[in-house]
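Step one of this worksheet: look at the structure below.
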Amino acid sequence: MSEPTMTEPPTAVDLADRRVRKPLARRSWLRRLRGTSAGHPLWRQPLTVVSVTILVAWLLIAALAPLIAPYDPLAQHAATYLPPSGAHPFGTDELGRDILSRLVYGARLSIPLALVIVALALAVGGVLGLVAGYLGRFVDEALMRLTDLVFAFPQIILAMAVSAAFGPSTRNAVLALVIVSWPVYARVIRSAVLTVRGEDYLHAARLLGVGPIRALRRDVVPNSVGPAVVLATLELGNAVLMLAALSFLGLGPRPPAPEWGAMIALGSHDLSKWWVSVFPGLAILTVVLAFNILGDALRDRIDPRYAKGRET
Amino acid sequence: MTATTTAAAGTRPAARRPRVPNLVRFLGKRVAITIGLLWGVTVVTFALVHVVPGDAATANLSEQALNDPAVVAAYRAKWGLDQPIWQQYLHYLGNLLHGDLGTSQQTGRPVLTDLVQYVPATLELAVPSMILALVVGTAVGMLAAVRHGRASDQVVRVGSLLGLSTPPFWLSLVVLYLFFYLLGVSPSGGRLSPQFAPPPSVTGMYTVDAALAGQWAAAWDAVQHLVLPVLVLTCLTVATLIRFVRSAMLEVLQQDYIRAAYAKGLPTRTVLGRHLLRAGLVPVITVSGLAFASLLSGTVLVENIFGWPGLGQYAFRSATGLDLPSILGVSLFVALVYTGVNLLVDLLYGLIDPRIRLS
Amino acid sequence: MSATPRLMRRAGIALTALALASTAAACSAGGDAGSAGGSTLTIDTSFVIKSLDPGHVYEATGNTAVHAMYDTLLTFHGADMSKPQPDLATSYQASADAKTFTFHLRKDATFGNGDKLTADDVVFSLNRLRNLKASPSVTVANLTASKTDAYTVVVHAAKADPNVPVILTQPYTGIVNSKLVKAKGGTDGADAAKTDSAQKYLDATSAGSGPYLLDSFDASSQLVLKANPKYWGAKPKFSRVVLRNMDVQNQKLTMSRAKGPELALDLSGKMLEGLPSSLRQSSADDTFYFLTLNADPKISKTTSNPAFVQAVRAAIDYRGVARLFGGNASPAAGVVPPAFPGALPASEAQHQDLAKARKLLADAGLHAPSVKLMYPSITYRGVDLGTIATKVQGDAKKAGIRLTLDPQPLTSFLNAQQSGKVAMRFSPQSLNYPVAASLVNNLAPGQGTAATTGWTVARADQDVVAAGKKVQATLDPAAQQRALQDWQRLLNQHSPYIPMAYNSGVVVAAPTLSGAVYAPAGWQVDIAAVGTK
Amino acid sequence: MSGSALLSLDRLAVTLPGGVPVIHDATLHVEPGEIVGIAGESGSGKSLTAAALLNLLPAGSRVTGGATFAGEDLLGLDRAGWRRIRGAGISMVFQDPTAALHPMLPIGRQLTEHMRRHLGLSRSDARARAVELLDQVRIPDPQRTLRSYPHQFSGGMRQRVAIAIALACRPKLLIADEPTTALDVTVQAGILALLSRLRDETGLSVLFITHDLGVLSALTSRTYVFYAGRVMETGPTGALLSTPRHPYTAALLGARPHGAAGVGSLRPIPGSPVVPGQAPPGCPFAPRCDFATADCTSAPPEPAPIGTDRLSACPVAPELEVTP
Amino acid sequence: MTAPLLDIDELAVEYRSRARGAVRAVAGVSLSVAAGEIVGLVGESGCGKSSLARAAVGLTAPHAGTVRFDGRPVTPVRWAKRPAAEVGLQMVFQNPYASLNPRRRIGDQIADGLPAGLPREQVRGRVAELLDRVGMGADTAAKYPHQFSGGQRQRLAIARALAGEPSMIIADEPVTALDASSQAQVVNLLVRLVRELGMGMLFISHDLALVRQIADRTAVMYLGKVVEVAPTARLWSAPSHPYTRALIDAVPTIAARPELPAVLAGEVPDPANAPSGCRFRPRCPAAFESCVDEPALLPIGDRASVACWLTTNGATA
């Protein structure tokens with residue numbers, strides 16, 4: 001289009017956009033070479049292998065929870081606050097529930113919910129971002145202001161407010177987290193769409209008589225969702241964390257659901273019973289870490305700029 | 001090839017002289033956007049609070065008072081809750097224009113007074129964390145970028161991923177368990193040990209105020225209370241920063257001008273310290289703005305655990321008490337900080353990158 | 001009428017507290033530089049305070065402070081709640097119909113500024129309180145004050161109420177200097193709710209005749225009282241009292257190391273574990289936790305079934321629930337907490353009987369009944385109510401009852417409760433003023449709480465109705481207490497309430513202090529009574 | 001080849017990290033005051049040769065063979081040695097002047113920082129010399145230029161600034177890596193004139209890398225033709241371009257628009273250039289060569305002398321009769 | 001002479017730039033291309049060549065003036081589908097790495113230009129045919145763009161343009177991004193297709209030598225205006241405009257006696273601040289008083305025009 005002679009001042013919220021901007025078409029072959037030399041297949045990177053193993057393990061644990069958990073996660077045994085022992089490897093909590101069993105069943109909440117949150121946010125943000133980017137003008141401006149508005153509330157406070165307003169429940173927690181997280185995807189997709197809108201392949205298609213809808217479907221969408229999908233994998237870990245945070249504040253899935261964040265909250269009342277908090281925390285840590293490493297690796301694959309572990 | 005030439009063509013210093021109105025226009029536009037944003041915040045907050053079943057009367061009257069319609073009516077009349085919502089809203093806006101944020105139904109004090117008190121407490125946590133995170137994050141991120149692919153880079157990478165993956169509230173509990181419960185070397189929470197009275201308020205930050213008042217023991221005590229929460233918040237922020245700095249620096253390291261700097265015979269120190277840092281700082285500033293915003297929200301949980309009477313606690317209390325004026329006050333403040341930080345980031349950009357200056 | 005979740009409000013604010021099981025974990029923060037010494041008493045409490053105007057005060061911290069600044073007509077001494085004692089009124093007479101109460105004022109009482117306290121001030125204070133239509137106004141809505149002479153006041157109750165003398169012990173009935181308050185915009189007129197503007201003044205200055213005057217007040221950090229030099233009674237021991245806003249874990253920490261005259265108001269339950277034995281603890285079981293099951297079949301077919309209520313009653317593990325609250329808690333026998341005359345003896349505490357519960361269900365043809373249990377998602381006295389609810393859920397499950405937990409933010413809970421549409425709820429409850437009979441006003445069929453539980457007179461067992469009436473009609477204290485106990489036993493048979501456990505308020509005081517007694521009278525501790533040994 | 005050569009490379013070979021060989025047995029020399037050209041398409045290794053000469057290859061690259069500059073063994077230099085050579089001995093001008101100038105540092109800073117270091121000049125002396133240099137590369141208003149930033153200049157001006165920076169420490173050899181590729185012909189003409197004048201005035205040697213044979217012809221005295229990291233042919237530029245002795249040189253000439261109009265007068269080189277690291281055994285050009293024989297695919301042919309001052313790595317070179 | 005296939009009349013293109021205000025990239029250009037004709041358009045970067053091309057093909061809306069293709073005005077491509085009658089006007093873009101959708105198969109992209117509803121078998125056949133035309137195998141259809149080199153991609157892009165059965169092609173610097181050897185391949189292909197199919201072509205390039213090689217007529221643009229247009233041979237041998245001459249002289253040539261190309265003083269000014277009068281005046285070695293007025297593009301003989309007071313004064317006087 002025009003020759004932009006000055007770089008527009010990027011705003012802080014454009015960060016998400018620039019995080020995963022367009023894959024480079026032209027670069028010196030030297031640089032490309034450097035990039036590819038490090039582009040090992042996923043399975044060749046030990047860190048990735050570890051993370052995939054952890055994730056698969058957690059998925060198996062979630063799937064086979066009834067077989068793995070030694071006890072009913074809700075059963076209140078007589079002995080409360082048992083420290084870790086042979087019978088209760090991770091101890092029992094205030095109500096005498098087996099912490100290991102609760103952890104195992106907790107995987108059935110955290111992991112699928114994170115997926116749902118991210119998928120919904122991606123869907124909502126994706127559609128809006130696509131529409132805004134493609135239609136431009138007023139629609140675009142309105143959407144950008146809306147995302148600004150959401151960004152202007154700190155995520156956890158907004159999620160808290162939404163969740164507090166509608167009462168704690170799994171559905172409301174998911175809703176709250178989707179509300180705070182969709183704008184990132186909208187922005188990323190929008191900026192990707194804006195890039196594609198200036199691409200010659202789209203122009204070429206339109207010149208050949210391809211209609212706007214078909215062009216959207218074939219040229220715009222496939223070339224703009226990539227960055228958002230990468231971002232989504234990176235956000236999976238974040239979703240687990242945010243959900244746990246809401247639960248910790250008592251705004252997540254209702255008790256007695258063995259949600260990990262809520263389990264940590266139980267332990268926070270009495271530090272001397274360290275096992276009540278420590279193990280759920282480790283569970284969150286491993287899952288989030290695995291998600292993050294995997295997201296990183298995936299991004300490396302999709303965007304060669306990030307080859308060899310370059311991130312964000 | 002041609003694209004670069006095209007962009008470069010026909011540009012000479014004379015054509016580029018920044019004109020003063022540019023800055024005015026820029027700031028004017030930003031102020032307009034900010035005002036629009038703040039207006040949006042009031043609308044959303046009003047709407048959100050009114051969707052919720054139950055109102056401030058329920059939250060703020062005693063139970064037996066609720067059984068008395070006369071009392072409830074009096075309360076609603078006093079706080080203007082008996083008016084239609086749009087009238088309440090207009091009334092609020094009118095007061096807002098006069099700088100009146102209303103009175104908190106929870107504390108019975110002007111919201112502004114509450115903010116003046118809670119904000120410094122949060123800043124006392126957030127500012128040191130941010131500074132620490134910036135210094136450490138920039139240094140470590142740069143180191144990792146320069147040592148790209150080597151063992152130290154891998155260690156940094158795993159470390160920052162770990163930092164990103166740790167639930168902050170859990171980390172708070174773990175450090176409390178370690179340093180307070182097991183080792184007994186740190187206080188459990190709060191801003192000041194009980195034996196100290198809060199210092200006379202100047203900045204609202206106990207460390208500073210105590211030092212100003214010459215109460216050194218109290219200042220030292222306040223610093224000790226800061227250590228753990230600041231540590232946790234720094235851990236959170238530094239992980240993001242390291243990742244970002246590292247990739248930004250890597251991007252810069254691949255630029256021709258870095259090679260050109262080496263080709264000129266400059267020592268590594270100069271190349272990294274001047275050329276790399278300068279260019280890598282631009283994206284770092286962006287992310288710092290975001291990081292500061294997320295730091296402010298990260299304090300909610302940390303404040304909760306460390307019993308820190310800051311903005312997060314206030315927000316939490318306002319939200320659960322459906323205290324509309326307070327919620328609005330907090331939301332407006334946060335939005336203002338958000339836009340302010342953004343503006344600051346943009347101005348800093350201009351300061352560092354001449355290409356963006358006053359465009 | 002009674003039972004404000006006054007304490008619950010504090011709970012909503014006191015966020016997650018850390019139990020400090022070890023006192024070994026001493027804080028390294030140095031020095032005793034600022035510690036209170038000499039004649040300053042330090043009171044550590046988690047502030048719950050909106051106003052220091054007697055016309056508006058109703059929260060814990062405010063009550064404690066207002067009680068020290070404003071004299072009331074009558075009062076209670078220490079933990080003895082059996083009979084109101086003289087304060088500003090040297091004596092009083094109640095009419096036989098419990099509608100007219102005549103108070104004779106002492107003539108030597110003066111306000112902090114030296115003004116004489118007369119009947120005009122009493123009349124102004126009580127009428128202003130009623131007409132302000134603030135939270136505490138409700139309790140006195142029934143009352144009108146007038147004077148017969150400068151030192152005689154008649155309080156007239158529109159509806160017979162033998163508890164008027166007790167109500168007049170409450171901090172909100174504190175007598176203000178009418179001249180002063182009027183000058184600052186106060187009024188006792190019928191339109192006081194709109195026109196009175198003295199609250200701001202009273203939040204900063206005390207206009208009472210009590211042993212203490214307000215020195216300074218910062219709602220977030222501290223409230224300082226100084227002795228009233230013109231106080232008509234015995235000089236209090238401490239010339240200065242500092243109430244400091246302090247979270248619970250710091251209260252524990254500071255009390256563990258307390259050397260000077262210091263006391264803490266919020267340590268209870270599990271927080272008491274591991275405190276040095278040298279500290280003096282004073283407590284009274286003044287709160288109870290109960291389940292409420294809606295009696296309206298339109299709301300729930302299940303909870304309105306008396307057999308179901310009885311089954312739940314039999315399913316609860318009362319000891320286990322009490323254990324969750326910590327050391328001072330005990331399984332409930334009835335709705336009246338042991339701090340008040342009329343409580344059922346501990347020997348009558350309820351027990352779990354799962355077999356009975358199952359049988360009740362089977363007999364009533366209830367197969368795997370399922371109900372939603374709503375509760376406020378707050379941490380109260382160091383215990384997450386969700387934990388208790390989960391315990392109840394677990395117990396119920398053992399009897400074959402499926403409870404689904406429905407935690408709500410405090411406000412939403414109160415709102416839902418008010419609507420009367422909640423099938424089953426769980427909450428803590430305490431008395432609004434320290435007379436157990438006041439519970440009847442609230443819990444009897446058709447009254448406040450009962451009304452929100454769908455328990456109308458028509459649906460209630462007539463024996464219960466009669467027993468409640470008997471309590472209210474009995475004016476003799478001993479007889480009234482017996483009537484109360486009978487009433488509670490009937491409640492346990494036929495009411496939709498299931499009291500589960502009692503919990504106590506505790507004053508933890510430094511070893512050197514005397515008179516630091518927990519008063520289940522609303523003001524937690526009588527500051528002026530605290531002295532040294 | 002010549003003991004007096006300013007720069008001489010002897011069978012220099014470069015392998016990038018990951019074991020990708022990119023330059024094979026490059027032998028090359030530059031005499032003082034001489035402008036030598038390197039010609040080749042992208043991927044021919046010409047830029048990497050330049051990078052190797054300043055030790056700017058990606059970390060982990062391996063360089064073997066010999067490289068001597070002003071009597072000093074380049075491959076044996078330590079870090080300090082490289083710092084001494086870079087800028088003051090050998091300096092470089094990059095292809096894209098926009099990318100090679102730091103966008104956020106004022107030009108004065110970029111122009112003086114290495115002068116102060118290498119030449120030990122004071123701030124004011126360095127500035128004085130900077131003004132001189134800008135004048136030398138014909139940039140108007142040098143004082144103001146020093147305070148300006150790169151983005152305030154056009155591509156041509158930026159390249160002049162880059163040349164001034166490269167010349168600041170009076171290097172003996174300037175490596176110019178496609179310095180005019182990104183510029184318009186009119187601007188290119190100015191840069192070529194500038195380099196030529198600098199050579200005449202200061203005795204500067206230039207190693208000029210380009211894919212444009214016309215530029216080579218206009219500027220250089222001798223030319224090395226690179227293909228797939230190998231020197232295909234070398235000789236005086238005029239002779240080399242008028243009577244190419246390697247099929248690749250001839251093919252390059254044929255594919256170039258030249259002379260009178262007429263469709264079909266462009267003769268494309270069949271096939272595609274070699275991807276680095278995937279060169280066929282034998283002569284890398286063999287798959288695209290009209291003259292290739294079975295021998296050509298066995299081992300890469302050694303450059304062999306043709307006449308007194310030319311070398312060609314093609315066994316059929318002596319018989320080669322190609323008209324461009 | 002029959003009506004030209006592509007007729008550009010007084011076309012102006014403006015951009016709004018935040019920093020510079022309105023920038024007039026093309027400031028009134030008239031140019032026509034007949035069927036079977038190759039017209040070259042040369043000029044330095046920033047002179048508005050690409051803007052002209054984009055407006056001519058309908059990718060940007062002109063600010064003023066008209067573009068007619070085959071007698072009908074070209075509608076700018078916006079929301080509506082492009083009218084079928086205009087599909088015969090196609091474009092080959094500069095950057096072959098950006099002009100093919102990286103995520104779609106080559107065959108599908110080429111098929112975009114085929115009439116909708118064509119049976120799959122026929123589509124496949126037609127695609128293979130088109131690929132064959134540009135010298136690529138039929139198996140190419142199933143591959144993705146990244147599997148090809150720049151030169152190959154440009155050939156694929158040409159095949160795609162051919163799918164619209166164009167009678168007119170606008171080629172915007174089609175070989176600038178390519179290596180010398182690929183350049184020749186692509187240029188030869190384009191020229192051959194134009195000749196074989198009787199199309200018209202507007203060939204835009206900054207490489208004078210290349211344009212000289214293929215164009216029937218050449219137009220020279222400077223700062224948004226055409227300053228000279230003439231049959232290529234004539235333009236090259238006897239340039240009338242000082243700018244044309246300067247451009248020709250700046251091209252380095254291979255000669256037995258090497259000679260540095262001539263330098264044209266100064267640089268292209270910012271189009272936002274175009275000089276008054278003759279736009280070339282500040283750089284023109286031959287500028288004189290008349291040049292303060294803007295010269296019009298006036299015919300100077302057979303199919304040639306020039307906008308220079310030096311020539312037109314002489315021609316009219």
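A, B, ... follow the sequence lines: proteins, then strands. Residue 1 opens every chain.
- For the pair A/A204 and E/F93, the tightest heavy-atom approach, listed with the atom from each and the gap, is CB-CE1, 3.7 Å.
- Residue contact with chain A, scored on non-hydrogen atoms closer than 4.5 Å, involves the backbone of E/A161 exclusively.
- Interface residue A/R218: backbone and side-chain heavy atoms are both found under 4.5 Å from chain E.
- Taking every heavy atom of both residues into account, A/Y201 and E/P102 meet most closely at CE2-CD, 3.7 Å.
- With contacts defined as side-chain heavy-atom distances shorter than 4.5 Å, the pair A/L207/E/V77 qualifies.
- Highest contact tally toward chain A, considering only E/R160, E/M91, E/H146, is held by E/R160 [criterion: heavy-atom pairs under 4.5 Å].
- Top candidate by heavy-atom pairs under 4.5 Å with chain E, chosen from A/G211, A/A215, A/A205, is A/G211.
- Between chain A and the options E/V87, E/V92, E/D108, heavy-atom pairs under 4.5 Å are most frequent for E/V87.
- Side-chain N or O atoms of A/E199 include none that pairs as donor or acceptor with a backbone N or O of E/S99 at under 3.5 Å.
- When atom types are taken as modelled, the side chain of E/R103 and the backbone of A/N223 share no donor-acceptor pair closer than 3.5 angstrom.
- Environment of CZ in E/R126: crowded, with over 12 heavy atoms of neighbouring residues, nucleotides or ligands closer than 6.0 Å.
- Side chain of E/D112 to main chain of A/G209: no donor-acceptor pair is present (N/O by atom type, distance under 3.5 Å, no hydrogens or angles).
- Smallest separation of non-hydrogen atoms from E/N101 and A/D219: ND2-OD1, 2.7 Å.
- From E/R54, atom CZ reaches atom NE2 of A/H203 across 6.0 Å, with rounding to the nearest 0.5 Å.
- Proximity to chain E (any heavy atom under 4.5 Å) is shown, for A/L135, by both the backbone and the side chain.
- Closest approach of A/L208 to E/Q109, counting heavy atoms only: CD1-O, 4.3 Å.
- By the 6.0 Å contact criterion, CZ on A/R217 is enclosed, its count of non-hydrogen atoms from other residues, nucleotides or ligands being greater than 12.
- For chain A, the nearby part of E/A80 is the backbone; its heavy atoms alone come within less than 4.5 Å.
- Residues A/R206 and E/R82 are not in side-chain contact: their nearest non-hydrogen atoms beyond the backbone lie 4.5 Å or more apart.
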